[in-house]
2 protein chains.
Amino acid sequence: MKRILKYAILGLVHKQEMSGYDITSQFKQEIGQFWSAKHSQIYPELKRLTEEELIEYRTSITGAKLEKKLYCITPKGTQELIEWLVSPKELPETEKDEFMLMLYFSAAVPKEKSKRLFEDQIAKRKRKLEHLYESKKSLQLLDENLQAPGSRQFGHYLVLSRAINREESYIAWLEETLSLFEE
Amino acid sequence: MKRILKYAILGLVHKQEMSGYDITSQFKQEIGQFWSAKHSQIYPELKRLTEEELIEYRTSITGAKLEKKLYCITPKGTQELIEWLVSPKELPETEKDEFMLMLYFSAAVPKEKSKRLFEDQIAKRKRKLEHLYESKKSLQLLDENLQAPGSRQFGHYLVLSRAINREESYIAWLEETLSLFEE
DNA sequence: AAGGACATGTAACACGTTACATGATTGA
DNA sequence: TCAATCATGTAACGTGTTACATGTCCTT
């Protein structure tokens, strides 16, 4: 991967003017299911992108003296963003998953222990799925035409929809596989 | 993540004596779908684990003078491995996916471009899925009782089965979502 | 004889997290 | 007034990739 965070930030500030804090907040929303970064990584990257003239900022004052830097994308930044947006993406050879790594070695522990770990993982993923369903419900209230490309919230819809697909299929696999242990 | 590579290596050398090169090769096999590392990360980690007395090695000579270090796990290492194997795993808050990040911003490009990217991604994932099916077929020839916990290849079966589930459901979502663009 | 696999290591750099550090604003 | 949130930054450390560096063995 070559500087994906760069494109994540370009994509966010392309939609609208944003501060480093706003970007950090965005990564705690839906898109955080597929990409995120901490503020300690974001601020230096904003500085770098500014030096590279891909973004620029104006300073805005909230209240008496709280300063924030509102970043927006430059034409050069837009160009690089679009190039990335239309370039085919390689599949990662590895999509890391600690739980699956553990399962690979699970012959070393009693079946009962493994069953408990499956149940724990299923419960956690079901909780997560519930949150995703609620987010989707909220989103549908905002935009009835959600599933149409061109809808204002279509990007949001896609990531939520895929996040739900990802959790549902993982849970289905976990439940199916757990049943192999019960006989 | 706290030193997952440590546990990956402990798990591998617990099954059988192995060299750094062997470990590197393992990460190119099925388990590489869920965890991997390059040799440049593995060799220093082996050194560290040896210093921590979680593994130890003997030197073996192939041919006239090609040396390799065969590592095996110590009792202390086994204990730490088992502790990790039975401990519940937190869900990662983010499972990074460059393609989904791109989709989130795809409103900025024409629908035709997005369709092409979906098709490209579907083709790549289908190719990968074919390889996984073939691996599963080979594995089934080795072990008829594959799906029984306790089968010699059960760990292999689990990771392959989940990798297939992961690809199948991703492809299903991609195809379903692509159809939203066609009308 | 040559190329590919076997075998082990280090160095430099890129990416990511946790901790350190500071201060303002808003609402209960 | 106190806690949560808004707001920005740096330092130290841990993880991961690419490149550098070397040498052997086996098969054709």
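In what follows, chains are A, B, ... by sequence order, proteins preceding strands, each numbered from 1. The structure presented is a predicted model; accordingly, all values stated were derived computationally and were not measured.
- Closest to the side chain of T62(A), from the set dC25(D), dT8(C), dT25(C), is dT25(C).
- Between the side chains of W173(B) and E168(B), not a single donor N or O lies within less than 3.5 Å of an accepting N or O.
- Between I61(B) atom CD1 and dT8(C) atom P there is a gap of 11 Å when expressed in whole angstrom units.
- For the residue pair S151(A)/D143(A), the side-chain donor-acceptor check at 3.5 Å is satisfied.
- Both G63(A) and S36(A) sit near DNA chain C, but only S36(A) has its closest nucleotide nearer the 5' end.
- The main-chain N or O of G63(B) is never found under 3.5 Å from a side-chain atom of K65(B) such that the two would form a donor-acceptor pair.
- Side-chain N or O atoms of K89(B) include none that pairs as donor or acceptor with a backbone N or O of L117(A) at under 3.5 Å.
- Minimum atom distance to the side chain of K69(B) is reached by dG9(C), of the listed dC6(C), dA7(D), dG9(C).
- Rounded to whole Å, the distance from CD on E93(B) to C1' on dT17(C) is 11 Å.
- Rounded to an integer number of Å, the gap from Y21(B) OH to dC6(C) C1' is 5 Å.
- In the model, W35(A) has no side-chain atom that pairs as donor or acceptor with a side-chain atom of E95(B) under 3.5 Å.
- D22(B) places its CG atom 10 Å from the C1' atom of dA7(C), with the value rounded to the nearest Å.
- Contacts with DNA chain D (heavy atom under 4.0 Å) in residues 37-49 of chain A: H39(A), S40(A), Y43(A), K47(A), listed by number.
- Atom pair M18(B):CE and dT8(C):P shows a separation of 13 Å (rounding to whole Å applied).
- When the C1' atom of dA24(C) is taken as reference, atom NZ of K65(A) falls 8 Å away, rounded to whole Å.
- Between I23(A) atom CD1 and dA7(D) atom C1' the separation is 13 Å, expressed in whole Å.
- Put simply, the side chain of S138(A) gets close to the backbone of E134(A): a donor and an acceptor are under 3.5 Å apart.
- Side-chain atoms of N145(A) never come within 3.5 Å of backbone atoms of A148(A) as a donor-acceptor pair (strictly under, hydrogens ignored).
- The shortest distance between the side-chain N/O atoms of K96(A) and the OP1/OP2 oxygens of dG16(D) is below 4.0 Å.
- The distance from atom CD of Q26(A) to atom P of dC6(D) is 12 Å, rounded to the nearest whole Å.
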